[in-house]
Amino acid sequence: MPEYIAPVDDLRFALKLSLKEDLTTWPGFEDASPDLIDAVLEEAARFSKDVLSPINYLGDQTPPVVNEGVVTTSPEWRAAYTQFIEGGWTGLALDPSFGGQGLPQVLACAVQEMWDASNMAFGLCPMLSQTAAEAILAKGSEEQKSRFLPKMVTGEWTGTMNLTEPQAGSDLSAVRTRAVPASADHYLLSGQKIYITYGEHDLAENIIHLVLARTPDAPEGVKGISLFIVPKFIPDSNGNPGERNDVYCVSLEHKLGIHGSPTAVLSYGDNGGAVGYLVGEENRGLEYMFIMMNRARHAVGIESYAVAERAYQRSLSYARDRVQGRVVGDTTGGRSPIANHPDVQRMMLSMRSRIEAMRALSLYTASCADRATNHPDQKQRLLGQQRVDVLTPVVKGWSSEMGNEVTALALQVHGGMGFIEETGAAQHYRDARITTIYEGTTGIQAADLVGRKLLRDGGQMVSEMISEIRDDISIASLQDDPVVQEIAVAVAASVTHLEDATQSILESAKDNPKSPFFDSFNYLMLWGVAAGGWQMAKAAREAKNMLDAQEGSQAFLRAKMLSSLYYARQISPQSTALSQAVCAPNLPAEDLDELVA
């Protein structure tokens, strides 16, 4: 199988595109110099290629096993995780006060792509540990921070997110896990949680579960949910794993993909109650959990284009090697690699251009998260958070849908061989499928975008985001180059369609509260197409400037111009149909209810 080669050149280019200012001038990021960023990217690329990629197929074929509640991973998996924490990768962007390196999120997100592309099932573990640590850092008590964060930051202890229950699914208002006060400092939890990624494993000496549960007097619905830290082993007075807590793995899920990742059913309190520590105040658990959840949603967007990148690389290698048929217009009469056939070239460019757009949009969003936390100006911090709020459901929802399409195209390039497991293309197709479901389905992301981000403030935050996009496209349109101008015109048209759809949803909400949510999926996809085009227009402008200045790899920059042009001509026009779908009158609600009854 072809090895994974991290797209360091494009990651470096996308990072440059996302950063409008020198990060070393921001408090806390003084060490984030270009030389350090390059060194981190290069070392992460080496680790992903040499350590994680070789065991990806192994994890798919020989998944973890459970025996009497104990989960065992392969020796290769355990060795890779040991090397991972020895390299300090878990704490890359976490607080230096607890042993982290405090580097920008945008760099950590670029690095995460390499983990997920080389081995998505492996990358899930540190991603959840990092996001759990961020939630504790934000809302935990000082005692909880000092007790749990140092070893979570190093990766010696891992973290999980415990939301879903058999009867609840995505409806967290139906959570039944109970937490009963047992003393001044802890509660006893009982209940069952399902779909817990890395809920039980043998990679780390302890697992720190973040668990949603209800206290005895809690109100009904989401307003009655609290958040608890529940360790697998209760830390002793020296901070080491002590007494085994009353939380056990009942079984591991048998999944379509990501086989190397143990997804556990966890039972709490079968022997009297699992010791849990309340985070913050009672009944504010969902609010706190959204800190972890929103980080994880962005991370799932990264997983989506990361596995798409791996699938693209595999299909490109196959297309170059697979000799079949004669190319239309070739008068030599010889057989040719399928990479030279027009429809295969269409598929390859479709994959490449969308991956580059997703990557650029994701890293821009991560740079806004850094702006929200570290920019010296309060107004800029607020602006950064608003951008994150709008774009997170787009990065997660649009990227996961596109990731599924790209991995399907990669399988298609392989033809019949793509349907055979041994070629490896099928694994990426299977692994990608979870991304549209993880951390809230695409429909939930679309409802979030429409409900919380658009309707809540009457469209102000969204309109300001669109204005920024307009400004950047206007700058690109001034470039003295016909290709960049063509791209800018095409992307400007998609933004106009986005504006029309935005206004349509705002109007429809006045007459029918269900209407915006019926249109929300297409609206989210429209956002993705337009925002992805925005990033590609910026990329084309930057590439042209670098070409004119004879900077960087000329071949890379010409390829960037080509993929941006393909996006403008072949992807951006999708905005027309999406806008028309959003703006069309809805079908009668009573007919829809009758249809699905």
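Put simply, the side chain of Val388 does not reach to within 4.5 Å of the side chain of Asn294, judged on heavy atoms. Under the 4.5 Å side-chain criterion, counting only non-hydrogen atoms from C-beta, Tyr195 is not in contact with Leu163. Counting heavy atoms from C-beta outward, Met546 and Lys560 have side chains that stay 4.5 Å or more apart. The shortest distance between side-chain heavy atoms of Phe290 and Met293 falls below 4.5 Å. With contacts defined as side-chain heavy-atom distances shorter than 4.5 Å, the pair Arg541/Lys544 does not qualify.
With Arg310 contributing its side chain and Ser118 its backbone, the two residues share a donor-acceptor pair below 3.5 Å. Side-chain N or O atoms of Asp431 include one that pairs as donor or acceptor with a backbone N or O of Ile258 at under 3.5 Å. Judged purely by atom type and a 3.5 angstrom limit, Ser575 uses its side chain to pair as donor or acceptor with the backbone of Ser572. Side chain of Ser350 to backbone of Arg346: no donor-acceptor contact under 3.5 angstrom is found. Remark: the backbone N or O of Leu361 is paired with a side-chain donor or acceptor of Thr365 at under 3.5 angstrom. With Thr441 contributing its side chain and Ile437 its backbone, the two residues share no donor-acceptor pair below 3.5 Å. Here the side chain of Lys396 pairs a donor or acceptor atom with the backbone of Thr435 at under 3.5 angstrom. Put simply, the side chain of Ser18 never gets that close to the backbone of Tyr364: no donor and acceptor are under 3.5 Å apart. At distances below 3.5 Å, not a single donor-acceptor pair connects side-chain atoms of Glu113 with backbone N or O atoms of Val111. With hydrogens and angles disregarded, no donor-acceptor distance shorter than 3.5 Å links the side chain of Ser504 to the backbone of Asp500.
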Let me have the donor-acceptor pairs involving side chains of residues 444-454, under 3.5 Å, with sequence neighbours excluded, atom names and distances please.
unit_1: Gln445; atom_1: NE2; unit_2: Glu439; atom_2: O; d: 3.0
unit_1: Gln445; atom_1: NE2; unit_2: Gly440; atom_2: O; d: 3.0
unit_1: Asp448; atom_1: OD1; unit_2: Arg452; atom_2: NH1; d: 3.2
unit_1: Asp448; atom_1: OD2; unit_2: Lys453; atom_2: NZ; d: 2.8
unit_1: Lys453; atom_1: NZ; unit_2: Asp389; atom_2: O; d: 2.8

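Across all their heavy atoms, Ser553 and Phe556 have their closest contact at OG-N, 3.1 Å. The two residues Ser129 and Met152 make their nearest non-hydrogen contact at O-CE, 4.0 Å.
Within the structure, ring pair (Phe, Tyr, Trp, His ring centres under 6.0 Å) pairs that include any residue of residues 96-121 comprise Phe47-Trp115, Phe84-Trp115, Trp89-Trp115 (at least two apart or interchain).
With respect to Glu42 and Arg46, no salt bridge is recorded, no charged nitrogen being found less than 4.0 Å from a carboxylate O. Of the charged side-chain nitrogens involved, none lies within less than 4.0 Å of a carboxylate oxygen, so that Glu303 and Arg433 do not count as a salt-bridged pair.
Using a 3.5 Å distance cut-off with no hydrogens or angles, the side chains of Gln130 and Glu134 do not pair a donor with an acceptor. Side chain to side chain, Lys255 and Thr263 meet the donor-acceptor criterion of an N or O pair below 3.5 Å. With hydrogens and angles left out, the side-chain atoms of Glu21 and His375 include a donor and acceptor closer than 3.5 Å. A donor atom on one side chain and an acceptor atom on the other are not found under 3.5 Å apart for Asp472 and Ser474. Side chains of Ser563 and Glu356: a donor on one and an acceptor on the other come within 3.5 Å. Using a 3.5 Å distance cut-off with no hydrogens or angles, the side chains of Thr392 and His298 do not pair a donor with an acceptor. Counted by atom type alone, Thr502 and Tyr523 present one or more donor-acceptor pairs between their side chains at under 3.5 Å.
Residue Tyr429 qualifies as open at atom OH: its count of foreign heavy atoms under 6.0 Å is 12 or below.
Screening Arg359, Lys16, Arg352 for a salt bridge (charged side-chain N to carboxylate O under 4.0 Å, His left out) with Asp10, the sole residue that qualifies is Arg359.
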